[in-house]
Each structure stands twice: as structure tokens, then as C-alpha cells.
Amino acid sequence: MFLSLRAEVEAALEAALAELEFPTDDLGIEEPPEDVESVLASSVAFRLASEAGAPPPQVAGRLAESIDADELTYVAEIQTQGPYLNFLPSDAYFAQTLETATDKSYGALEDRETSVVVEHTSANPTGPVHVGRARNPIIGDAVANLLEFAGYDVDRHYYVNDAGRQIATFTWAYETFDESDLETEPERDRIEYDLVRYYRIGNAFLEDGPEDEVEAAEAEIESIMQGLESGDEEAYERVSEVVDQVLSGMKGCLERLPAEFDEFVKETRFMRNEATDDVVERLKELDEAVYEDEAWQLELEDHGLDNNLVFLRSDGTSLYATRDLAHHEWKFDNYDRAVTILGEDHKLQAKQITTTLELLGTDTDDLRQVLYSYVNLPEGKMSTRRGTGVDLDDLLDEAIDRAREEVEDRLDDRIRDDDLDEDDIERIAHQVGIGAVRYDIVSKQPTKAITFEWEQALDFEAQSAPYVQYVHARCCGILEEAGLDPETDLAAQDIELDALDADLLETQAERDLLETIARLPAVIDEAADDLEPHQIATYTREFADRFNAFYRECPVLADDVDTEVRAARLALVAASKHTVANALSILGVEPPRSM
RNA sequence: GGGCACGUAGCUCAGUCCGGAAAGAGCGUCGGACUUCUAAUCCGACGGUCGUGGGUUCAAAUCCCAUCGUGCCCGCCA
């Protein structure tokens, strides 16, 4: 409803400005501070003062007079407060908000008939997912959810690097070493924990093995890469045996978040179908192409990039960037827009790709990157190859364990007599534990650096998931107590919606809550435009504050509450439930029915 | 050395893109509230030269310039 109100205010203000012969290019629309009653304001009078030859408050007054609030649906009144114009919401604004928000899909925006591919995670299939890159699936999944909710047709892709030197090395190590060569046991009973040991021992061997043997190994690795390059089926199968196994394990880990994908797109796909060769041929034709030191490169200085981009090695093999160009052209053959979630260390590479795609004739306006800074340990970087780092599995296990302890601790002093059984405790431990980890990461701006510390990552207090989840549980508790099903649209249940009267919600707490609910679609719209899911997290926190104020001040089911007020408040609770459930689901945080 | 990002309360962060209403949360500290729909909650107090210095503007945490600190990047790696 907020979006409609804003559109209405903009139109009215623009008309008023035109009528008074003022410029209409900047309406100065803004959201007022909390202690102001209006839902929308304008500071346009400041800018008009000199032109009007009158002080801002007078200009504001003239503008307010020239807008007739009676002609507006969602605005009841226009007040001036000094130089500011304040637009106060009408009864219709509240009534329509209450009505639309009792639908369980509240907040979902209209279909935009635009497809978008969100590529995220894309971690090399070399071993267990560690916390250093855990930001990627968590942010990526939230961005995908957000775009979906905002009306886009979304596919989620994981780009599998199965053609690089790392994977060739892994394949060689896997084929060369035996279980008996390994000095350690797998840290966990899942395939990637088993196989990463070969990768690590292989890398160690290449670093300080006997010189002649290392040379032979390098030659073998080189031949695997040449095989892949020439589309040799045998090389592909050898590599696949490693890649597919490791990837299936990593997939298992990511499903715990859960982060799921529509497609795992392999790099080799673009070698096997010759798209990469085609890209190479076209790159050679570019004015920027040079053949230097026996390698083909692109000079991108004129495009603001100092370093040359090598796209064909002197041995004739392609590079990651070359294949990624073919990959991106394929994306735009199949989707209207493409979004990639990337670590900040890939920023330069992303710029090179974008610039080069443009040179190849792809319009890159619809290609956007979300960059996040890596999570490091206090003692330094995490590395799969060296085996330093905290596994995401361990973090999730620990989070669930701690959440379980919390539930059990609280069991004794519960007031509510709802008998949580073992399944409930386990369910809550999972929802809260994993929710807390995700919320902690998704609620911060991705560009901020994070140093991983256990205590901080597992802090359930603070402004964390459980705080917001608790509000959802409270909503469900009230609805269930009233004999309603929280998961179902209110309209489909045994409650007189027609008789529902938003006017009965007259306390400040009720009005504030309803105003906050009204903003959800606008928040989703803007967060989706900006690709910033943390805006949703900020919103959930504010929403929870508002709901708790309502909860404190407005009993719903108490005996002395008038029947009609009770119905109106129940509707408000149902609307709140859908609002918080949907906002949390965008963040990938589960909304518990009880906790 | 060059490029990019970040710097807001003791700590963790919103707000910065798009300048406007005496800077907002949470944690921590201190003091209060459970015969009432779940106290993982709520109420109150304390806490700030928005890194620093200039500039633009009626108005700057927000825009511009400079500077300091931290991180990332500058491979025929991915």
C-alpha cells in the first residue's frame, strides 16, 4: 500500500508544483523521522524559497493549500511543519493494508516477465565448504529469493570449475596416491572430506617431492589439461570422477543451509561444445587483441584496465576467463538478466569480463555483480589446499547444539503449557541455530570485512534471528489459540472478513504496526533493485520492535476485549504473521511455529 | 607504487547510492516489569568531535578534494 501512497503523493505534489509554476524535477520526497505522524514527507519547499521569494515555511503552506486531500485515496490530510509537508495516511490506507496483508503471499510483487539467472557459490570442487566462503551461498540464496519475491523468474546456478589446473592436479593426485599414502582420517563421513586428503597430499608432494617425480607429475597434469582443451572424452571422464564426487558432498553441505540450485553448470561444457573456441576466434579479431610472448592477449588500457587479459596460453589452452566469457554469452542467450555473487578478490576479473563482453557485442547493462568481502580467521585466511579454516558443517553443528541447549534451558520456566516434545526441540534447534548463522551474515552489508569468531557467530542475543523468529512464534501462538490456522489465508477461514474494520485499530501501537506492515512491498522492491537483502533484515528488526510494542499494549484474546476489536486485532496478527514469515523466508531463515 | 572497498557509542552494526526534521539499534553496564495471547520479551538510565583536515550548500555521517588507518586486487592461477 505504501507504493500506491507514494505514487499518489508524487502525482499530487507534481501537479501542485506545476500549478504554482515551480520546477517539478525534484519533489524532495522522503520518509519522516519516527516521531512525526506522517508516512511520507517532502522538503521541496527549501529549494523553492529563493525562486518564490518567500521563506520555506510559507512556500510549504502554499503547496499544502493547493493540494486537495479529499481527492486523494490514501492521504487523509496534508500538514505543514515548518518547511516540511507531511502526508498523513487515510482510513482507506489502513483498511486496504489490513486486507491485502492477511493474504499469505503478502509482499510478493507482480510478475515482471523477466528472467534472471543468479550465479552464486561456485566454489571450486576441491574439498569441504569452509566458512571463508559461506557468505556466498547465504547472500546468493537470499538475493535469489528476493528477486523471486520481487516478481522475477529466477534460476539459481552453481558454476563448476572442472577445467582448471587445480582440478587437473586433484585428478592426478586422486589417481596417483592410495589410501595407504594418506596420513589422516577424514574429518567427517562425507565424500568430499575423504577425497580432499588426496588433493592436499598431492599439493604437498608438488611442493617438496623429489624433483624428477614432480616433473613427471607436472607433465601428467599438463596432459590432462591438454586433453580437456581438445575435447578428449577420456580426460573429461577422469576429471569427472573426482569432480562429481566432491561436488555431491559439497552439495550435501549446502543443502543444510539450505541453498539449492536449479543447475550445476560445468566449465567443460563450453569447451566441449566449442563455444570457447568460438570466443577465442572472435577475440583475436578485436582491435584490442595482440599476440605477445607467444600468447594471445587483450589490451584493455583504453577501457580503464591496466593489465592485459591473456585469453590463450602459449601452449594453446584457454584460461578461466576465456571460458567464463563463453559462459556469460550463454547466460544472455537464455536469460534477460544475470547476477553473480562474487568475493571481492574477483572484482578485477569481473570488470575484465564485463569490459570484454561489451567488446564482443553483449550489452552488459543487465549483468550485475554482488561483491562481498571474505571471512577470515583471526590468524589469517582459510584455505582448502592447506587445510586451514573452519568447515561450514562444523559451524552449523555447533549452532544447532547451542540452540538445543537454549531450548532445553528454557523448558523449565516456560509459562505456556504446550508440551514441546523431542521432535519440537530438534525442530526448534535447527530453525534457530541455522537461522542465527544465516541472519548474522545476511543482515550486514556484504562489503564489510568479517573476522570469524565463534562467540560472535553464535551469539543468539543481539539483533539476531531468534529475536525475529520469536515474533513469528508469538503470532502463531495467538492465532492458534483463537482457533485459526496461521498458514492459511484469513479469507479462507472462519472469520468475518467483511465486517472487519481497520478503524477499530486506533491505538498508536496498532497504527504503527500497520504502517510498518504496509511498507513491506516497497522494501522488497527497493532491496531487489539494489540487490541488497540486508535491507530486508533491517526491516524485520524494525517490524519485530513494532510488533512487540503492539503485543505489550494490545491484548487480543483477553476477556474484556470487545468482539469486533478482537476480530480486527486477530486480522492484524495474521497480517503480521505473513509479513514476518515472508520477510524471513527471503532471508532463508525459517519461521518457527513455536519456540 | 597504482586501483577498489571499509572507518558511525567500549563491542557488533543500521543510516551513505538519492544531502533535509537536534545522529538510530543491539550487546555490555546500572535500575525496573512474568496470577494477563510464550520473559528468546518489554520499560528506563548511561554512552557519539559519524577516522582527520579542507571545500560545496540555506542544510553534510551522506556530495567533492586531501590525508591517515585497515582489508582486497594488480599471474600464460582460479
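A note on names: the letters A, B, ... follow the listed sequences, proteins ahead of strands, and every chain is numbered from 1.
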Rounding to an integer number of Å, can you tell me how far [X] [atom1] sits from [N] [atom2]?
X: A:Arg386; N: B:C77; atom1: CZ; atom2: P; answer: 19 Å
X: A:Asn203; N: B:C77; atom1: CG; atom2: P; answer: 15 Å
X: A:Glu267; N: B:C77; atom1: CD; atom2: C1'; answer: 12 Å
X: A:Glu553; N: B:A33; atom1: CD; atom2: P; answer: 19 Å

Between [options], which nucleotide gets closest to the side-chain atoms of [X]?
X: A:Lys448; options: B:C42, B:G7, B:G26; answer: B:G7
X: A:Ile478; options: B:C72, B:C37, B:A40; answer: B:C37
X: A:Lys347; options: B:A40, B:A21, B:C4; answer: B:C4
X: A:Arg323; options: B:A39, B:A78, B:A21; answer: B:A78
X: A:Arg552; options: B:C42, B:C37, B:A40; answer: B:C42
X: A:Gln445; options: B:A40, B:C42, B:A14; answer: B:A14

So what does [X] touch, heavy atoms closer than 4.0 Å: a base, only the sugar-phosphate, or nothing?
X: A:Glu526; result: base
X: A:Ala558; result: nothing
X: A:Val432; result: base
X: A:Arg47; result: base
X: A:Cys554; result: base
X: A:Phe311; result: nothing
X: A:Ser43; result: base
X: A:Ala41; result: base

Each nucleotide N or O in nucleotides 74-76 of chain B that has a protein N or O under 3.5 Å away: list the pair and distance.
from: B:C74; atom 1: O2'; to: A:Asn307; atom 2: OD1; distance (Å): 3.0
from: B:C74; atom 1: O2'; to: A:Asn307; atom 2: ND2; distance (Å): 2.3
from: B:C76; atom 1: O3'; to: A:Arg313; atom 2: NE; distance (Å): 3.4
from: B:C76; atom 1: O2; to: A:Ser314; atom 2: N; distance (Å): 2.7
from: B:C76; atom 1: O2; to: A:Ser314; atom 2: OG; distance (Å): 2.9
from: B:C76; atom 1: N3; to: A:Ser314; atom 2: OG; distance (Å): 3.0
from: B:C76; atom 1: N4; to: A:Asp293; atom 2: O; distance (Å): 2.1

The answer to which of A:Asp530 and A:Glu406 contacts RNA chain B further toward the 5' end, by nearest nucleotide, is A:Asp530
RNA chain B nearest-nucleotide lookup for A:Pro466 and A:Pro32: closer to the 5′ end is A:Pro32
- Query: Tell me, do A:Val468 and A:Phe543 make a side-chain contact under 4.5 Å, heavy atoms counted?
  - Reply: no
query: Hey, are the side chains of A:Arg135 and A:Ile139 touching, using non-hydrogen atoms and a 4.5 Å cut-off?
result: yes
Quiz item: Below 4.0 angstrom, N of the basic side chain to O of the carboxylate: do A:Arg165 and A:Glu222 qualify?
Solution: yes
Handout entry: Main-chain N/O of A:Glu532 paired to A:Asp530 side chain as donor or acceptor, under 3.5 Å
Key = no
RNA chain B in dot-bracket form (Watson-Crick or G-U pairs under 3.5 Å, [ ] crossing, | inter-strand) is ((((((((.[[[[.)....(...]]]].(((((.......))))).....[[[[[..)....]]]]])))))))....
Exercise for review: Check whether the side chain of A:Gln463 and the base of B:A25 form a donor-acceptor pair under 3.5 Å.
Suggested key: yes
